[in-house]
Amino acid sequence: MKLALYAGVLVTSAAVVVGCAATKSMLGMGDPIAERQQLMKDQGAAMKSIQDKVKAGQHQAIGPDAQKLVETAKRIPSLFPQGSVDPKTSRAKPEIWQKWPEFQANAKTLEAKATALAAISKTGTAEATGAAVADLGKTTCTHCHNSFRGPEIKK
């Protein structure tokens, strides 16, 4: 009886450990600095693709790239947990946490403007799409980086 009880506790404990590990993995709770740097690289690639398509006159093809920005924007705040600063690897400024509502609002603005960009690219002119792309870059990416990203890290 004791052996069966012990085995049951062991199996339950193992299930809890595996469940926690799976939850941690699903929530992206690994290295937040590395995860957010990858997210920003993905966003940069999406913006470059959008700009290249607009320059090539393919503004109606930017929908998937704009949607990538929408989805990644939703994840930005979760990748900046309090204190996730490392001056050797991260350009995140302490102002992120000092002005947290403003930082969150920037991510929401990016999400909203990327959503609008996806819609404009389907129904608008090339000029309207180009203007929306320029606005998105200035009012979201550049604005947030100027406020919350430090200088290049010299290696």
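Just so it is clear, the structure is predicted and the values come from calculations on it, not from any experiment.
Identified under the side-chain hydrogen bond (donor to acceptor under 3.5 Å, both in side chains) test for residues 102-114, with sequence neighbours left out: W100-Q104, K113-D135, K113-T139.
Closest non-hydrogen pair, P81 versus R36, comes out as CD-NH1, 4.5 Å. In plain terms, the two heavy atoms of I76 and A107 that are nearest each other are CB-CB, 4.1 Å.
In this structure, NE2 on H59 lies 8.0 Å from CD on E127, to the nearest 0.5 angstrom. Rounded to the nearest 0.5 Å, atoms NZ (K53) and CD (Q51) are 12.0 Å apart. The OG1 atom of T142 sits 8.5 Å away from the CZ atom of R149 when rounded to the nearest 0.5 Å. Here NZ of K122 is found 12.0 Å from OG1 of T129. Values are rounded to the nearest 0.5 Å. Between the SG atom in C141 and the CG atom in L69 there is a gap of 7.0 Å [rounded to 0.5 Å]. The line from CD1 of I96 to OG of S90 is 7.0 Å long, rounded to the nearest 0.5 Å.
For the side chain to side chain contact (heavy atoms under 4.5 Å, CB included) test with M47, the passing option among T140, L136, D65 is L136; the others fail.
Here the side chains of I33 and V85 are not in contact, with every heavy-atom distance at 4.5 Å or above. Looking only at side-chain heavy atoms (C-beta outward), Q67 and E71 come within less than 4.5 Å of each other.
If you check the side chains of Q60 and S121, you find no donor sitting under 3.5 Å from an acceptor. When only modelled atom types and interatomic distance are considered, T72 and D42 share no side-chain donor-acceptor pair under 3.5 Å.
Not a single salt bridge (Lys or Arg N to Asp or Glu O under 4.0 Å) links K55 to another residue, sequence neighbours left out.
With hydrophobic clusters built from ILVMFWY side chains whose heavy atoms lie under 4.5 angstrom apart, V70 does not share a cluster with I62. Placement of I120 and V133 in two distinct hydrophobic clusters is found when ILVMFWY residues are connected by side-chain heavy-atom separations under 4.5 Å, directly or transitively.
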(message) One pair to check against side-chain contact (heavy atoms from CB on, under 4.5 Å): E152 and R91. What are the steps and the verdict?
(response) CA-CA 7 Å; E152 194 76 35; R91 295 170 67 184; 3.3 Å; yes

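The environment of K99 atom NZ is sparse: at most 12 non-hydrogen atoms of other residues, nucleotides or ligands sit within 6.0 angstrom.
Counting only distance, with no hydrogens or angles, the side chain of W97 and the backbone of S84 share no donor-acceptor pair below 3.5 Å. Side-chain atoms of E95 do not come within 3.5 Å of backbone N or O of S147 as any donor-acceptor pair.
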